[in-house]
Amino acid sequence: MIVVTGSPGSGTSLMMQTLILLHYPVVGEVFAPGKPRELNQKGYWELPVDEEVKGINSSKYLGKAVKLLGVGLLKTNPELIDKVILCRRRLPECIDSAHRYIQSTGKFWGLRDDQLTVDVAAAIVRINLRKSVNYLIKNGIEYKSVWYEDMINKPEESVYGIAEFIGCVPQLTAMSNVGV
């Protein structure tokens, strides 16, 4: 199983869309209830909330890619994980993404817009990243950090790197459709 993880707003949905373009089988709902379509018109590709929060502890997703943010990754049986793609994004853009989400839904990370300061967002991103990387290292799970900015500014290079990491052959259409 390939796991896509990262802080909210870090490009995890873009990564799931990229895996689809690479013809890698993905699992998840395109638009879960309450997810604003206008902020991500190509979909989020997330597991149902109750399943994501519990983590994955059965073999039903072997050979597929799933998105697990935060605690979902930490509660997943590490023996089921082949590799992890860790999505990263510059903090100001993560915060902008979070504010847009709040304006659309009323909250993000359980916070209202007036509660999401730079310091709070930075702490959430740092804690999430630290816990995720510690989990991966502790369990000897191979991972690749992929920056959102590279996906947008250097899509061909990014897609080839992702394809090589997960062991698939990139399709030319994947390169031309990333970020579109």
Side-chain angles (χ1 to χ4, degrees), residues 1-20 22 24-35 39-40 42-91 93-95 97-98 101 105 107-111 116 120-151 158-159 161-168:
M1 173 173 64
I2 302 290
V3 173
V4 173
T5 193
S7 295
S10 65
T12 55
S13 295
L14 175 61
M15 183 57 63
M16 293 298 281
Q17 295 159 15
T18 301
L19 293 173
I20 291 166
L22 288 170
Y24 199 89
V26 302
V27 177
E29 296 179 34
V30 180
F31 292 103
K35 292 287 183 176
L39 296 181
N40 199 340
K42 292 188 178 182
Y44 295 90
W45 297 97
E46 294 177 355
L47 295 175
V49 174
D50 60 327
E51 191 172 3
E52 183 177 340
V53 171
K54 291 178 192 172
I56 297 172
N57 292 296
S58 74
S59 60
K60 70 179 180 179
Y61 297 133
L62 292 182
K64 297 182 172 98
V66 298
K67 184 195 311 189
L68 290 172
L69 303 181
V71 72
L73 171 66
L74 305 178
K75 290 185 175 182
T76 294
N77 180 348
E79 294 176 7
L80 299 174
I81 301 173
D82 294 316
K83 295 180 179 184
V84 171
I85 299 172
L86 180 61
C87 298
R88 313 266 317 263
R89 190 175 187 182
R90 292 182 51 235
L91 185 60
E93 284 76 18
C94 274
I95 294 170
S97 176
Y101 193 88
T105 65
K107 61 183 178 176
F108 190 74
W109 295 330
L111 302 170
L116 185 63
V120 168
I124 291 169
V125 169
R126 276 202 273 326
I127 290 167
N128 185 45
L129 181 63
R130 185 178 70 240
K131 285 184 175 186
S132 296
V133 170
N134 286 345
Y135 169 85
L136 298 171
I137 291 170
K138 174 185 167 194
N139 291 294
I141 300 169
E142 185 178 3
Y143 71 95
K144 177 179 183 65
S145 288
V146 178
W147 286 85
Y148 177 88
E149 291 79 9
D150 290 340
M151 292 287 294
S158 297
V159 170
I162 293 159
E164 181 179 2
F165 179 68
I166 63 171
C168 76

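- Side chains of Trp45 and Val66 form no contact here, defined as non-hydrogen atoms less than 4.5 Å apart.
- A distance of 7.0 Å separates CG in Leu80 from OG in Ser58, rounded to the nearest 0.5 Å.
- Counting heavy atoms from C-beta on, the side chains of Pro48 and Glu29 come closer than 4.5 Å.
- Contact record, Val4 with Met16: CG2-SD, 3.7 Å, taken as the closest heavy-atom pair.
- Rounding to the nearest 0.5 Å gives a distance of 6.5 Å between CD1 of Ile2 and CZ of Phe165.
- In this structure, the side chains of Pro25 and Val27 stay at 4.5 Å or more apart for every pair of heavy atoms.
- In this structure, Lys75 and Lys54 have side chains that are not in contact, with every pair of non-hydrogen atoms separated by 4.5 Å or more.
- Although no hydrogens or angles enter the test, the distance criterion places no donor-acceptor pair under 3.5 Å between the side chain of Thr76 and the main chain of Gly55.
- Within 6.0 Å of the CD atom in Glu164, the count of heavy atoms belonging to other residues, nucleotides or ligands does not exceed 12.
- To the nearest 0.5 Å, the span separating CG on Asp150 from OG on Ser145 amounts to 11.0 Å.
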Working for side chain to side chain contact (heavy atoms under 4.5 Å, CB included), residues Glu149 and Glu93: CA-CA 10 Å; Glu149 291 79 9; Glu93 284 76 18; 4.0 Å; yes

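- Annotation: Glu142, atom CD; neighbour count of heavy atoms from other residues, nucleotides and ligands within 6.0 Å is above 12.
- With contacts defined as side-chain heavy-atom distances shorter than 4.5 Å, the pair Ser13/Lys67 qualifies.
- Nearest heavy atom pair, residue Ala65 against residue Leu19, reads CB-CD1, 3.6 Å.
- The stretch residues 127-136 participates, sequence neighbours left out, in these side chain to side chain donor-acceptor pair (under 3.5 Å) pairs: Ser7-Asn128.
- With respect to the salt-bridge test (charged N to carboxylate O, under 4.0 angstrom), the residues Lys60 and Glu51 qualify.
- In this structure, Tyr148 and Arg88 have side chains that are not in contact, with every pair of non-hydrogen atoms separated by 4.5 Å or more.
- Geometrically, Lys64 does not engage Tyr24 in a cation-pi contact defined by less than 6.0 Å to the ring centre and at most 45° from the axis.
- Here CE of Met15 is found 4.5 Å from SG of Cys87. Values are rounded to the nearest 0.5 Å.
- Within the 3.5 Å criterion, the main-chain N or O of Leu68 finds a donor-acceptor partner in the side chain of Thr5.
- Within the 4.5 Å cutoff, side-chain heavy atoms of Ile81 are placed close to those of Leu73.
- Here the CD1-NZ distance, from Ile141 to Lys83, works out to 12.5 Å after rounding to the nearest 0.5 Å.
- Checked by atom type and distance alone, the side chain of Arg89 never pairs as donor or acceptor with a backbone atom of Trp147 at under 3.5 Å.
- One distance of note links CG of Leu47 with OH of Tyr61; it measures 5.0 Å at 0.5 Å rounding.
- When side chains are defined from C-beta on, Val146 counts as touching Ile162, because their heavy atoms get closer than 4.5 Å.
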